[in-house]
Amino acid sequence: MAAIYSLYIINKSGGLIYYKDYGSAGRMDTNDTLRVASLWHSMHAISQQLSPVSGCAGIELLQADTFDLHCFQSLTGTKFFVVSEPGTQQMESLLKFVYELYTDYVLKNPFYEMEMPIRCELFDINLTQAVQKDRVALLAR
């Protein structure tokens, strides 16, 4: 079973701009992935407002019985989150690496329009390699 189920990238407005399924047991259709992204964006924003700690960045980890949801928000408001097996470690470093890939291959692409869905072959290739490398590292532990 894969340690990482899926990866989402949400723009600062809450729109899903990238989704990749890595073999989760229950595949979702397009509408379900859009709902998950929208729901997560809303929950993240509400948690920032309701936090008793000033300067709270929102929810970074949501733990459930069957999955963990890890989130990284960039300074521009773009959210990267991964759904993984419960107890999976080092997801924060993976998300930061995904952000680096995003800045290198998507934002520097002269044909990419900000806030639009990501369609970049080099980003896909490097992201797949990063996730596979992460899976191998998790299995070695």
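Numbering starts at 1 and runs along the sequence shown.
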Practice item. Check side-chain contact (heavy atoms from CB on, under 4.5 Å) between N109 and all other residues, then give those that pass, not counting sequence neighbours. Key: F111, Y112, C120
**Study point:** Residues which pass side-chain contact (heavy atoms from CB on, under 4.5 Å) with I46, listed by chain and number, not counting sequence neighbours
**Key:** L50
Any side-chain donor-acceptor pair under 3.5 Å between [X] and [Y]?
{"X": "E60", "Y": "H70", "answer": "no"}
{"X": "K79", "Y": "H41", "answer": "yes"}
{"X": "Y5", "Y": "D68", "answer": "no"}

Check your understanding: Can a salt bridge be assigned to the pair K96 and E92 using a cut-off of 4.0 Å between side-chain N and carboxylate O?
Key -> yes
Review point. Does L122 belong to the same Ile/Leu/Val/Met/Phe/Trp/Tyr cluster as V106, with side-chain heavy atoms less than 4.5 Å apart forming each link?
Key: yes
Review point. Applying the 4.5 Å side-chain criterion to the ILVMFWY set and letting contacts propagate, would M114 and Y105 be lumped into a single cluster?
Key: yes
What's the separation between atom [atom1] in [X] and atom [atom2] in [Y], rounded to the nearest 0.5 Å?
{"X": "K20", "Y": "S6", "atom1": "NZ", "atom2": "OG", "value": "11.5 Å"}
{"X": "L62", "Y": "W40", "atom1": "CG", "atom2": "CH2", "value": "5.0 Å"}
{"X": "I4", "Y": "Q132", "atom1": "CD1", "atom2": "CD", "value": "10.5 Å"}
{"X": "L101", "Y": "L107", "atom1": "CG", "atom2": "CG", "value": "11.5 Å"}
{"X": "T88", "Y": "L94", "atom1": "OG1", "atom2": "CG", "value": "10.5 Å"}
{"X": "K12", "Y": "L75", "atom1": "NZ", "atom2": "CG", "value": "12.5 Å"}

Revision key, fill the gap. Between L7 and the options L95, V131, V83, D21, the side chain to side chain contact (heavy atoms under 4.5 Å, CB included) test singles out L95
Practice item. Test V36 against F81 for side-chain contact (heavy atoms from CB on, under 4.5 Å), laying out the working first. Key: CA-CA 11 Å; V36 168; F81 70 93; 4.2 Å; yes
Practice item. Determine whether H44 and S42 make a side-chain contact, defined as any pair of heavy atoms from C-beta on separated by less than 4.5 Å. Key: no
Check your understanding: Side chains of D104 and F123: closer than 4.5 Å at any heavy-atom pair?
Key -> no
Review point. So Y8 and F80, ring-ring contact (aromatic ring centres under 6.0 Å, His included) or not? Walk me through it.
Key: CA-CA 6 Å; Y8 296 77; F80 300 79; over 10 Å; no
If only atom types and distance count, is the side chain of [X] paired as donor or acceptor with the main-chain N or O of [Y] below 3.5 Å?
{"X": "S13", "Y": "G15", "answer": "no"}
{"X": "Q63", "Y": "L61", "answer": "no"}
{"X": "N11", "Y": "T78", "answer": "no"}
{"X": "S51", "Y": "Q48", "answer": "no"}

Check your understanding: With sequence neighbours left out, which residue pairs that include part of residues 30-58 fulfil the salt bridge (charged side-chain N to carboxylate O under 4.0 Å, His left out) condition?
Key -> D32-R35
**Study point:** Step-by-step side-chain contact (heavy atoms from CB on, under 4.5 Å) determination, T33 to L16
**Key:** CA-CA 8 Å; T33 58; L16 181 65; 4.0 Å; yes
Review point. Can you check side-chain contact (heavy atoms from CB on, under 4.5 Å) on I59 and M43, steps first, answer last?
Key: CA-CA 8 Å; I59 302 172; M43 286 176 45; 4.2 Å; yes
Review point. Which pair of heavy atoms, one from G58 and one from S47, lies closest together, and at what distance?
Key: CA-OG, 3.4 Å
